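Please read the structure below before turning to the comments.
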2 protein chains.
Amino acid sequence: MGKSRTAPTLNDVAKEAGVSTATVSRCLNSPARVVEETRKRVLSAVDKLGYTPNMAARTMAANRSYSIGAIIPTMDNAIFARGLQAFQDHLREKGYSLLVASSAYHPDVEKDQIRTLVARGVDGLLLIGHAREDEIYDYLEQHQVPALVAWSYLPEARQPSVGFNNRGAMCDLARSVLAAGHRRIGLISGVTQGNDRALSRVDGARDALAEAGMEPQALTVIETPYGIDNGAQAFAELMRREPRPTAVMCGNDVLAVGALREATRVGISVPGEISITGFDDIELADIITPSLTTVHVPHREMGQKAASELIDMVEGRSAGRSTCIRTHIVSRASLAFSKT
Amino acid sequence: MGKSRTAPTLNDVAKEAGVSTATVSRCLNSPARVVEETRKRVLSAVDKLGYTPNMAARTMAANRSYSIGAIIPTMDNAIFARGLQAFQDHLREKGYSLLVASSAYHPDVEKDQIRTLVARGVDGLLLIGHAREDEIYDYLEQHQVPALVAWSYLPEARQPSVGFNNRGAMCDLARSVLAAGHRRIGLISGVTQGNDRALSRVDGARDALAEAGMEPQALTVIETPYGIDNGAQAFAELMRREPRPTAVMCGNDVLAVGALREATRVGISVPGEISITGFDDIELADIITPSLTTVHVPHREMGQKAASELIDMVEGRSAGRSTCIRTHIVSRASLAFSKT
DNA sequence: ATGGGAAATGCAAGCGCTTACATTCGAGAA
DNA sequence: TTCTCGAATGTAAGCGCTTGCATTTCCCAT
């Protein structure tokens, strides 16, 4: 309503309502401490003036920003985008805002972003995966910024995590592949350097082979950054290997889609000649032809749980509990019995 | 390095370097105003103490936060995620952080988010589409927060925009459909209420029909929220209409994928019996079978341009220039000549 | 009536930084 | 040598809010 050039402050509201700024502040933050009549007066003044608290000032005075930072490798990938969306929805419900940064899978960038977000006074931080210099965790501790790891579940790690068992899930999937009679398996992994999730998935596949009494060489691993084209290229390379694998497992669905595309391009039938598996179960997995056998990860649930746990930590209700989100294998067309 | 319980402040640095806080501040913000020798001393003190400026304090004192807010309908959709990624990359390069909120296509939620972000002191705001109460623009003006609209280009609108011509692009695409001999066309649109992009796309399709001298009834429009399942459902409904359309244009690729899936499910051949088109050219469009004829939108370019324009506005270098991003039609398998 | 004590409110000191203005310094001009 | 003036630095007043502590108010037991 006001035609004032500058936004109303707590002081303006206080004057308007005929109380002190302290009372107005209390009205807004712990209404119970203010008697009803006063509260009404204050709130109507707030309304009349169209007052909105200045968060920077509040942050400074209370040393609390009601904002949470999240650093994810990339938003390009539907996986993170979806989880992040759920995370932010829940945050918002609880009155927190989300500061997002993305590291492009670059440890140095991530480190920098962490400093930036901490300097911005975030109350808590969501990080993807555990692999990270100890120094960073020290820094976070020193600054008393609670951090929660997601997309990975490692209860014994220094940081609490809300995620899933990448290794176990991949092992289960590999068991299915083995059960389908495949004995020469290719694995297109994401870059494992600084990415514990990618690494765990590789380990999981190895576990299954070992368990079946097979030699490690039965598994040919290629590492490549996540991306459709990279998946396609890696697949092409695997096809040149002798002996050719009869099944290609992929570190995530994006790589798998690339592999599938390449197979189609060069006329290799899937799953006729070669079986392919993915990981994550993004929408794409069910849409593509042939549909992808993959590991379903409940990203929304994870984002939601991560938000609520992180808020509990921030508000001192928890010292950091780890939660394991259950995944399951989704069997679709791309995996079939080995013909050999 | 310090084992102090609390982070070092400007004051600590000043003491360490034997100068006043003003000098330290100047060192950090306008180094040229400080003589070299002093600067060196200060910077090494900064280093030694591991000082990081407190952004809340800075925001408060300078009335400048070096953060930009973005409110997008959803991150679930790959389109926004990708554009947003580019946006934030560029922001970061220029020293800005990104505050993200999503409105779930809900005007009220969006309004609320705008207030929240303004209260948080963002220096500028990125909004998707123009359709919005005037009151909101007044509010933004009153608070002197520059806002830029993206995903839509409307040079004559109140707010500057960096986007593309939704109407023109859809019109072009519809021309191709007509050129392929289709005369009964179905259109699965996103919800147009409060979504100028969706509405423009419908208008664009109508333009092409009118241009070809066809009656408006030749176009059957169904509105549904974006989503694969919704696209499938809408497609099913279109198939029940008499006379059945020979081509179904979709408001975006996600809807188109749904339509395609439904066609496959009920055994309607695409493009044999029915042609389908999308909009956006997400990765999916090229992966799916049959591949989707669609409008290619350079999202990364748009995000990038939006960031640089918005920063220009924030830093007073521009009063808000609008930029039109060029789109083009990508012809793939899903559109073919009408057999009838 | 009155004293006591809890509840409600006010007072004012910061939070860490920027910046207008004041002061100091040094070098060249007179 | 003294004066002038611009450059370098210091001083200190906020920015808008929260919160510990002081003060006032009000209700009830006595």
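What you see is a predicted model, and the numbers here were worked out from it, not measured in a lab. Quick note on labels: first sequence line is chain A, next is B, and so on, each numbered from 1.
Both tests pass for R115(B) against the ring of Y139(B): distance under 6.0 Å to the centre and angle within 45° of the axis.
Summarising the geometry, the separation between CZ on R26(B) and P on dT19(C) is reported as 10 Å, rounded to the nearest angstrom. Residue N63(A) contributes atom CG, which lies 15 Å from atom C1' of dC17(C) at whole-angstrom precision. Taking atom CD of E37(B) as the reference point, atom C1' of dC25(C) lies 14 Å away to the nearest angstrom.
R64(A) comes within 4.0 angstrom of nothing in the nucleic acid, heavy atoms only. Counting any heavy atom pair closer than 4.0 Å across all strands shown, T38(B) reaches sugar-phosphate atoms only and no base atom.
When atom types are taken as modelled, the side chain of Q304(A) and the backbone of H90(A) share no donor-acceptor pair closer than 3.5 angstrom. Of the possible polar contacts, none joining the D196(B) side chain to the G129(B) backbone as a donor-acceptor pair under 3.5 Å is found.
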Might you list the N or O atoms of the protein lying below 3.5 Å from N or O atoms in nucleotides 15-17 of chain D, with each pair's distance?
residue: dG16(D); atom: N2; partner: A57(A); partner atom: O; Å: 3.4
residue: dC17(D); atom: OP1; partner: Y51(A); partner atom: OH; Å: 2.3
residue: dC17(D); atom: OP1; partner: N54(A); partner atom: N; Å: 3.2
residue: dC17(D); atom: OP2; partner: L10(A); partner atom: N; Å: 2.3

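Every salt bridge (charged side-chain N to carboxylate O under 4.0 Å, His left out) that R82(A) has, sequence neighbours left out, goes to D76(B). In this structure, the salt bridge (charged side-chain N to carboxylate O under 4.0 Å, His left out) partners of R92(A), at least two apart in sequence or on a different chain, are D112(B).
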Starting from the C-alpha separation in whole Å, work towards a yes-or-no answer on ring-ring contact (aromatic ring centres under 6.0 Å, His included) for F164(B) and W151(B). CA-CA 6 Å; F164(B) 50 94; W151(B) 264 261; 7.7 Å; no
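Residue S20(B) places none of its side-chain N or O atoms closer than 4.0 Å to OP1 or OP2 of dT11(D).
When the nucleotides dT9(D), dA12(C), dG10(D) are ranked by their closest atom to the side chain of R33(B), dT9(D) comes out on top.
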